[in-house]
Number of protein chains: 2
Amino acid sequence: MGVFHAGTHAMSKTLKEMDVLRQHLAKHQLKLTRQRELILTAFLRQEHVTAETMYHQLAKKDPHLGLATIYRTLNLFCEAGIAQARHFGTQTQYDNISHKGHHDHLICTGCGTIVEFENCEIERLQEEVATKNGFVIQTHRLELYGLCARCRH
Amino acid sequence: MGVFHAGTHAMSKTLKEMDVLRQHLAKHQLKLTRQRELILTAFLRQEHVTAETMYHQLAKKDPHLGLATIYRTLNLFCEAGIAQARHFGTQTQYDNISHKGHHDHLICTGCGTIVEFENCEIERLQEEVATKNGFVIQTHRLELYGLCARCRH
DNA sequence: GTTGAAATTGATAAGCTGTCTCAAGATAGT
DNA sequence: ACTATCTTGAGACAGCTTATCAATTTCAAC
């Protein structure tokens, strides 16, 4: 297997996250496996997924990929700062953190529909609140729960 | 058992919610039972509970009250608009909607300190976003993660 | 107050997510 | 290539919530 120096060109946009993962693995004496690469590539294509949906998606590419591996890997991504877990209903959604600016969610408690939004004004006010309290924000989570038009009948 | 006409005086502050429940029951051909009254009274005393905690709390008053009944009743409260379910970790928290406190948090990723805050302007913008998307907000969660003054050195 | 159809309860079985176990296999430093 | 170590896959397992069903309670109509 040839080893090319990364960071030149022709690398997909997954490069950044792949490097983040590689660094996290190195720091914790973990290994880069075929499964972890496969799952990361598929994960980065989406805004948010459940372990179950990834399991079905990836069954085509690797029928022997186990559900436990998906869970383990998605949790690994959370520790590496690539993903963020969010509990909705009875399931856990894993959000792709790199999709910044579409970080906020409007969630229907009736049907589970998730609408993504961004609002600069809210972000600005968040900064204001943080500064006022001596904080510097690294990330945030804003979820609005309510009923969508259809679920209100 | 004497039957007194309600709604005069000396009723606790649970009156309002009890009426909400009564109306909901009437509208859906459900019945007001001893258990439902008991659970509502205990529920209203608290900000948020899990089914399990209520089960233990109420075991003293009614050792035969079943866990399934607690779950059924708390879900009933949600349908009646008295409670709201929120999934945290692996458990479901049932929030007392009448305790509409502002639950926004500023969390230090360094030392874990949690600062609570409220900001009317943010709330207003949240409503705006929701309305624009056809939603009616029931509740929300806003968490800002960052470093507090001390942890930045 | 009795009566009776319909709803509710309690105990437990079953279901659903997510984690743990462990033998077999893959990875990476030497 | 060798070997210590990590990872995987399959299923067992655990925690939380819902479904089942016979026995009981409610409540509206007598």
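Below, chains carry the letters A, B, ... as their sequence lines are ordered, and counting in each starts from 1.
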Expressed as a whole number of angstroms, how long is the span from H64(A):NE2 to dA24(C):C1'? 14 Å

Atom-to-atom span, CD of E37(A) to P of dT8(D) - whole angstrom: 11 Å

Between the main-chain N or O of L32(B) and the side-chain N or O of R22(B), is there a donor-acceptor pair closer than 3.5 Å? no

Heavy-atom distance under 4.5 Å between the side chains of Y94(A) and N75(A), does that happen here? yes

Contact pattern, 5' to 3', of nucleotides 14-19 of chain C - B, S or - by protein heavy atom under 4.0 Å: ---SBB

Atom OH of Y55(B) and atom C1' of dC16(D) are separated, to the nearest Å, by 14 Å

Is the CZ atom of R150(B) crowded by more than 12 outside heavy atoms at less than 6.0 Å? no

Spacing between L21(B) atom CG and dA7(C) atom P, to the nearest angstrom: 17 Å

Look at the aromatic rings of F77(A) and F43(A) and report parallel, tilted or perpendicular, splitting at 30° and 60°. tilted

Spacing between K27(A) atom NZ and dC6(D) atom P, to the nearest angstrom: 18 Å

Hey, could you give me the OG1/CE distance between T73(A) and M54(A), rounded to the nearest 0.5 Å? 9.0 Å

Test side chain to side chain contact (heavy atoms under 4.5 Å, CB included), reference D104(A), set R141(A), H140(A), E116(A), output is H140(A)

Please output the side-chain donor-acceptor pairs of residues 78-91 of chain A that fall under 3.5 Å, not counting sequence neighbours, one pair per line with the distance.
residue: R86(A); atom: NE; partner: D95(A); partner atom: OD2; Å: 3.0
residue: R86(A); atom: NH2; partner: D95(A); partner atom: OD1; Å: 3.1
residue: H87(A); atom: ND1; partner: T92(A); partner atom: OG1; Å: 3.3

Between P of dT7(D) and CD of E79(A), the distance in whole Å: 11 Å

List in numerical order all residues of residues 28-36 of chain B for which some heavy atom is under 4.0 Å away from an atom belonging to DNA chain D. K31(B), L32(B)

Return the value, rounded to whole Å, for the distance between atom CD1 of I70(B) and atom P of dA19(D). 17 Å

Looking at K31(A), is its backbone amide N or carbonyl O close enough to the side chain of R36(A) to form a donor-acceptor pair, meaning the two atoms are under 3.5 Å apart? yes

Just the rounded figure in Å: distance from P of dC16(D) to CZ of R86(B). 16 Å

Polar side-chain atom of D62(B) near backbone of L58(B) as donor-acceptor pair, under 3.5 Å: no

